[in-house]
Structures are given as structure tokens and as C-alpha cells.
Amino acid sequence: MEQNKKMAELLLPAVNKKPQYYEELYPQRKLPDGARVTRIAPSPTGYLHLGTLFAALINRITAASTGGVFYTRIEDTDKKREIEGGIADIIGGLLRFGITADEGFVEENRQAGEYGPYRQSQRAEIYQTYAKELIERGLAYPCFCTAGELDEVRKIQEKNKIRTGYHGEWAKHRNITYEEAKALINSGKPYVIRLKSPGSEQNTVVFEDCIKGKIEMPENDEDFVILKSDGIPTYHFAHAVDDHLMRTTHVLRGDEWISSVPKHLQLFKLLGFRPPKYGHIAPIMKLENGAKRKISKRKDPEAAVHFFAEQGYDSECVTEYLMTVASSDFEDWRRANPDKPYGEFKFNLKKMSVSGALFDRDKLDSVSKTVVSTFDSSAVFKKLTSWAEEFDPDFGKILTANPEYTRRVLSIDRDVSKPRKDIAKWSDAKDYFSYFFETLYKPDLTLPENISRGDAKLFLQKYQAAYDPSDDRTAWFEKIKSIAPKLGFAEETREYRANPDKYKGHAGDLSTVLRTAVTGRRNTPDLCEIMRVLGYDTCIARIGEAINSL
RNA sequence: GGCCCGGUGGUCAAGAGGCCUAAGACACCGCCCUUUCACGGCGGUAACACGAGUUCGAAUCUCGUCCGGGUCACCA
């Protein structure tokens, strides 16, 4: 007993607080029954990853739908792997995609909340306080093994087909005495603090995962590291201490963590903490050479959330898509509630998929088109121009050169009862609207096969003479129809279908000729409206050019 | 390799022993609507990994095989 206290003093002399101090500093939260406290705890070792966004969304909505708290915590305990600007990218990215935190890193550079600091590198003393207590209780000890020694042990274990790791009789320093430790420290040897695991592989731990259901695993018997040689905790230890002190009720994280649950449960028990509920989220996968694999930051552009921003996927579209992946009944709910924000959806972790879903770009685009179709033209103007200014400045200049004109362009077939679903992401817009802007206009004047050049030319000449920009939709089409019989075309599509041999085509074919002449393409939204927006002069000029090229 | 988890159409999935002749969505195809395209409507192609059990009855329960994924650090 005395030995343990001496050992603790030897290893962590600077720590003078007791766990009780922190227990009082961070009291139980006063929340309504059933309220869940969740968090996302990213590590700034890379840019915001799709999986992180996905997990954040699930945590956010779980807290929101129960009247709980969602907070962000930065897990920067590995300073070797940390990258410049990582925190800003991750927090900024979450914000950009509509994930706001109640507490923690509420902005890139601002922490808020009573349970902080929310950055692990600022919490060293807290972890050490709990580690020191563990040492005093004989539940943790210093280990002086070098990486090389550990490696050698592992090789022996592998060779003899023994389970690898620092456990049982392989735990070299498990029973180190105060004197031995002191001598090694005095000789300048670095050391880590390991948990003295009381577990046995023979025992089974059972826990109920909120997503995957009942899971059984062998108890942890590994004397894993809790404090690294620099005095900073490992993930496992920081998780136990932080989620306890921050009063997290539900830890919803990627399922790569599932195999360390026995470690975590053991830590909570030994520290006298009540463990949180765990929910392990299946990763988003990607198909490569016929094989599924976890989407990877290094290989897949779409793994970095930045990709979606660059492509111009609106944040709502991405979250909407992610919700369909997250919950099998979300789409049904959406059909019943087309206008509600996704936050009102009654999210149920049980409805989550147990195994990883493939990232489906087609589905994203489809969901996205539907979402974009609900935006009115002024929203589109705002979103499109701000996207363009950031990611395609030349296009941005074109769009903002004449805002009134651009607004009219964007409102075509938009502020109507059945808006078109043509645009999935803002980067689609440049080509889609290109014929409205002279600098982008690249006409393709190829005619439909059933129209001869002569007929096309004749038609355009007649139309050019008759064109009246003040015609409404009906009058506009009547004009085309009235020219049709003169060229041997049927006025009505139905009439043409009934007697295809009597005609060269129908009025619709002629409108395609006009469409081609005016927009340089065969397929567009309502041509009459387009011509009105383009204006008389442009239309006449383009028709004239088309006539000349025929 | 050990330990976990999982296999329903091309993709996401509903499904909790009889309601399954297996829903829906995306993609694909056809038809209708239609000034083109898109939207919308209608229809179509397409699946319970395999093998044994249990049971009157299995996509659903059990076991095995195969396949896929995750994890075995002083990384998170």
C-alpha cells in the first residue's frame, strides 16, 4: 500500500489534485429524462472526413431529438501526427455542413461550455490526476520497455502462436517495485504508465450496443498504455476520463472502436465511473475492383468533405443524403414531410445499418437534385454565386456582372409548382446555363436527323420574320405551328403520330430547330421563357447566325 | 492468424417462423404526358451466399462452409 503511494509520488510528483476535485468541478448535468449527451471527438490529424461528418450528424441529431447536448471535443493527444490547420478545417467543415455544437468547439477558435477545456492537450493534469489515483491503488504501473523490446516479445509470441500483446506473464514490468522503478528513472530511462489489468481472457464481457445489439467479447487482459512517456494519455484513457467528466451518455463512434470496448469498460469500472451507452457506426464504404472497402482519405477524393464543397454540393443535399444512409425509414418520412428540416425526424439508432453502406454517387445526385429543386431562385442565386466566387471565380464574375439578368436566368422553370430537377451541385450550373452568357456560349448546331438543312433554314427565316417577343407561351407556340404546314410538318404531334407518312415531322421538331439555333443545344427548359430572358436582339442574332451556317 | 461484426436485386434497404408469389428508393428499360429535355404517372428486368439441421412451415432460429468488413501501437 505504502509502496503504491510512493510509486505514484515518484511517477507523477507534480500532480496534487484528487479526482474528487474534478468530480465537483464538473457536476452531473441537469437535463430532462431521456436527454442524451453526445459528442464528436475528432483528431486533427487530417482534414474533415466523410465518416466524421456522418458520425457528427448522427450524434447531433441524437442529442437534438432528445433535448440533450451535443458537443465537440478535439482529441489532439498525438502531436506527431497533427497537421497544420486541422482543427479549423474540421470544425469549420462541420459548421459548413450545418452541424452546430451546443458546447465544445462551437467555432474554429472558440470553446464554450462548462465542461471544458474541450481540447485534450489542455487537459493533461486531469488525466494525470486519475492516473495517479490508479497507481496509488495498485492498478497502474510504469513500464520501461523500449519499442525494440516490445517488438521482440511480439515476434516470439507470433513464432509460438501465442496471442500477442503485453499481458499476463509477458507483462515484464507488471510487478516492478518502487526501488527498481526509482533506479531506472534515475538512470534516465523513459517510461509509460500501463494499466494493471485485472481481467482474464477466459471471462466474457457483454454489452448492448445501441446500433449493433448484443455483443460478447473476451475480457481485456492487456496491460495497455494509459499515459505515454510524455505524460499525455492514450485515446482509451482520455476517452474514459473525458466522457465521464463531460457527462456523456452516449458514445456514438465509428465501429473500428468496437474491439476496444472491453478496454473501455474495464477502465470505467476500475475508475469507478458509470460507463456510457455505446453505439458503433458502420463505416461508409467504397467499391474498388469489385471489393468493398472503407472509404479512405488517401485514395478517395470523396472521403474529404472538402470535395463536396468544391463540387458545390449544397450542405443540405449532403446531410439529406447522409440521413438516407443513416436511417432506413428516413426517405419514407421525407415523402410524408417534404418541407420539414431533417432535425425534426424521429431518429432511432436501431434503424441504422449494422454493416457498411457503399457510397452511392448516383443516389447523392438524385437526392441532391430533389433538394435543389426546392430552393427558390433567390436562394439559388445566393448559394450559386457564393459557391462560384470561392471555387470558380471566373464564373462568379460572369454571374454577378449583371445580377438582375442572372436572377432571371435562374428563375426559369424554378419558381413554379413543379420545378425541374436538373442541378445536383453548383458545378453543374456552368454548363447548364452556358448559353445565357456569351463568354460561355459554345453552340452545337447539329440538327435532328429527320430535319433537312433546307427545311431548317426555311423555317428559321420564316420564324425570324414572325418572331414577336411579346407573345405569351401559347402565342409563341402557335407561331411555330402556323409555319409547320407550309413546310410539310404536322401542327399537332398526335396528328403526326397517326399519319407519320403524310408529314416530314411535327411542330415539336421545328421547335427543336429553333431551340438549337437559339441555345446551341437540343435540350433545354422552356424555350419561350428562355427567349424572353435572352432578349429579342440576341435571339434574332443567333437565329441569323444559324441561318448563315446552314 | 486470434478476436469481433456482417452477407436480401447493380446500389441502399424493408423484413423479428406462416401476412413473402419478398416492400420501397437510386440506377437501368418500356409506355403515357409533353414544344425538346427534365419532372410526373404507369409498367418492367433483377435478390434471400451455400450446405445441413430444428419445425407442419425458415429470408427470419441453430450449426458448418464460403465470402466480405473491422481490429490486434507510447495512432486516434
Side-chain angles (χ1 to χ4, degrees), chain A residues 41-46 75-78 80-81 120 143 145-147 150-151 154 158 161-166 190-194 201 209 212-213 215-218 222 224-230 232-236 238-239 253-262 280 282-283 285 287 291-294 321 324-325 327-332 334-335 351 353-367 369-370 373 413 416-423 448 473 476-477 480-481 493 506-516 519 521-528:
Chain A
S43 167
T45 52
E75 310 225 320
D76 58 344
T77 53
D78 185 1
K80 292 187 290 290
R81 293 202 310 151
Q120 289 180 333
C143 167
C145 289
T146 62
L150 259 16
D151 207 42
R154 194 173 37 98
E158 274 169 5
K161 298 199 191 307
I162 298 167
R163 187 165 48 94
T164 59
Y166 200 91
Y191 60 92
V192 299
I193 307 293
R194 287 182 183 271
E201 204 206 1
D209 190 280
K212 306 221 178 207
I215 293 173
E216 291 185 35
M217 264 185 266
E222 178 111 358
F224 60 90
V225 174
I226 58 174
L227 244 40
K228 298 185 261 188
S229 57
D230 57 4
I232 299 297
T234 55
Y235 171 84
H236 304 116
H239 154 55
R253 78 244 280 196
D255 73 2
E256 68 271 20
W257 289 111
I258 211 158
S259 55
S260 18
V261 171
H280 293 274
M285 317 285 276
L287 198 63
K292 258 187 176 185
R293 63 168 170 73
K294 196 171 156 181
Y321 169 68
T324 68
V325 174
S327 193
S328 55
D329 53 350
F330 179 75
E331 285 184 274
D332 289 336
R334 174 53 80 207
R335 261 190 291 280
K351 287 282 182 184
S353 173
V354 200
S355 54
L358 237 35
F359 175 74
D360 186 344
R361 188 74 179 268
D362 281 337
K363 182 80 179 186
L364 198 218
D365 281 350
S366 166
V367 167
K369 282 176 179 174
T370 302
S373 77
D413 278 357
V416 295
S417 63
K418 280 201 328 191
R420 302 177 63 88
K421 296 185 180 178
D422 289 327
I423 292 177
R473 242 174 89 88
W476 173 86
F477 193 51
I480 294 170
K481 276 188 185 173
T493 313
H506 55 87
D509 293 326
L510 295 177
S511 77
T512 299
V513 173
L514 180 59
R515 170 174 287 108
T516 308
T519 67
R521 59 178 69 187
R522 303 260 283 272
N523 309 324
T524 71
D526 181 34
L527 219 210
C528 173

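Proteins come first, then strands; the chains are lettered A, B, ... in the order of their sequence lines, and each starts at number 1.
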Categorize [X] for me: base, sugar-phosphate, or nothing, with a 4.0 angstrom heavy-atom threshold over every strand shown.
X        : value
A:Asp526 : base
A:Ser43  : sugar-phosphate
A:Ser366 : sugar-phosphate
A:Pro525 : base
A:Ser373 : nothing
A:Thr516 : nothing
A:Glu158 : nothing
A:Arg515 : base
A:Ala357 : sugar-phosphate

Do [X] and [Y] have side chains that approach each other closer than 4.5 Å (heavy atoms only, starting at C-beta)?
X        : Y        : value
A:Ile215 : A:His280 : no
A:Phe330 : A:Val325 : no
A:Thr77  : A:Lys228 : yes
A:His236 : A:Ile226 : no

Paired with [N] by Watson-Crick or G-U wobble geometry, both distances under 3.5 Å: which nucleotide is it?
N      : value
B:rA73 : none
B:rC66 : B:rG7
B:rC61 : B:rG53
B:rA47 : none
B:rG30 : B:rC42

Among [options], which is the nearest nucleotide to the side chain of [X]?
X        : options                : result
A:Thr512 : B:rC74, B:rA25, B:rU36 : B:rU36
A:Arg335 : B:rC74, B:rG24, B:rC26 : B:rG24
A:Pro218 : B:rU71, B:rC26, B:rC3  : B:rC3
A:Tyr235 : B:rG24, B:rA13, B:rA76 : B:rA76

Using atom [atom1] of each nucleotide, how far apart are [N] and [M] to the nearest Å?
N      : M      : atom1 : value
B:rA58 : B:rA14 : P     : 23 Å
B:rG70 : B:rC74 : C1'   : 23 Å
B:rU21 : B:rU60 : P     : 14 Å
B:rC5  : B:rG10 : C1'   : 24 Å
B:rA49 : B:rU8  : P     : 6 Å
B:rU71 : B:rC26 : C1'   : 32 Å
B:rA25 : B:rA46 : C1'   : 15 Å
B:rA13 : B:rC3  : P     : 28 Å

To the nearest angstrom, how far is [X] atom [atom1] from [N] atom [atom2]?
X        : N      : atom1 : atom2 : answer
A:Lys363 : B:rG10 : NZ    : P     : 17 Å
A:Asp413 : B:rU36 : CG    : C1'   : 12 Å
A:Arg194 : B:rA73 : CZ    : C1'   : 10 Å
A:Trp257 : B:rC75 : CH2   : P     : 11 Å
A:Lys212 : B:rU71 : NZ    : C1'   : 12 Å
A:Tyr166 : B:rG2  : OH    : P     : 26 Å
A:Asn523 : B:rU34 : CG    : P     : 18 Å
A:Arg253 : B:rU71 : CZ    : P     : 13 Å

Spell out yes or no: do the side chain of [X] and the base of [N] have one donor N/O and one acceptor N/O closer than 3.5 Å?
X        : N      : result
A:Lys418 : B:rC39 : yes
A:Ser229 : B:rC74 : yes
A:Arg81  : B:rC75 : yes

Would you say [X] places a side-chain N or O within less than 4.0 Å of OP1 or OP2 belonging to [N]?
X        : N      : answer
A:Ser328 : B:rA14 : yes
A:Lys228 : B:rC75 : yes
A:Thr324 : B:rC26 : no
A:Lys369 : B:rA27 : no

message = Can you work out whether A:Ile480 or A:Val325 has the more 5'-proximal nearest nucleotide on RNA chain B?
response =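 Nearest-nucleotide comparison on RNA chain B picks A:Val325.
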query = Does A:Leu227 or A:His506 map to a spot on RNA chain B nearer the 5' end, using the closest nucleotide for each?
reply =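 By nearest-heavy-atom nucleotide position, the 5'-most residue is A:His506.
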Whether [X] side chain and [Y] backbone form a donor-acceptor pair below 3.5 Å:
X        : Y        : result
A:Lys369 : A:Asp422 : no
A:Thr516 : A:Thr512 : yes
A:Thr234 : A:Val225 : yes

query = Salt bridge or not for A:Arg154 and A:Glu158, using N-O below 4.0 Å?
reply = yes
ask   = Relative to the ring of A:Tyr235, is the ring of A:Trp257 parallel (under 30°), tilted (30 to 60°) or perpendicular (over 60°)?
value =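 Rings of A:Trp257 and A:Tyr235: parallel, as their planes differ by under 30°.
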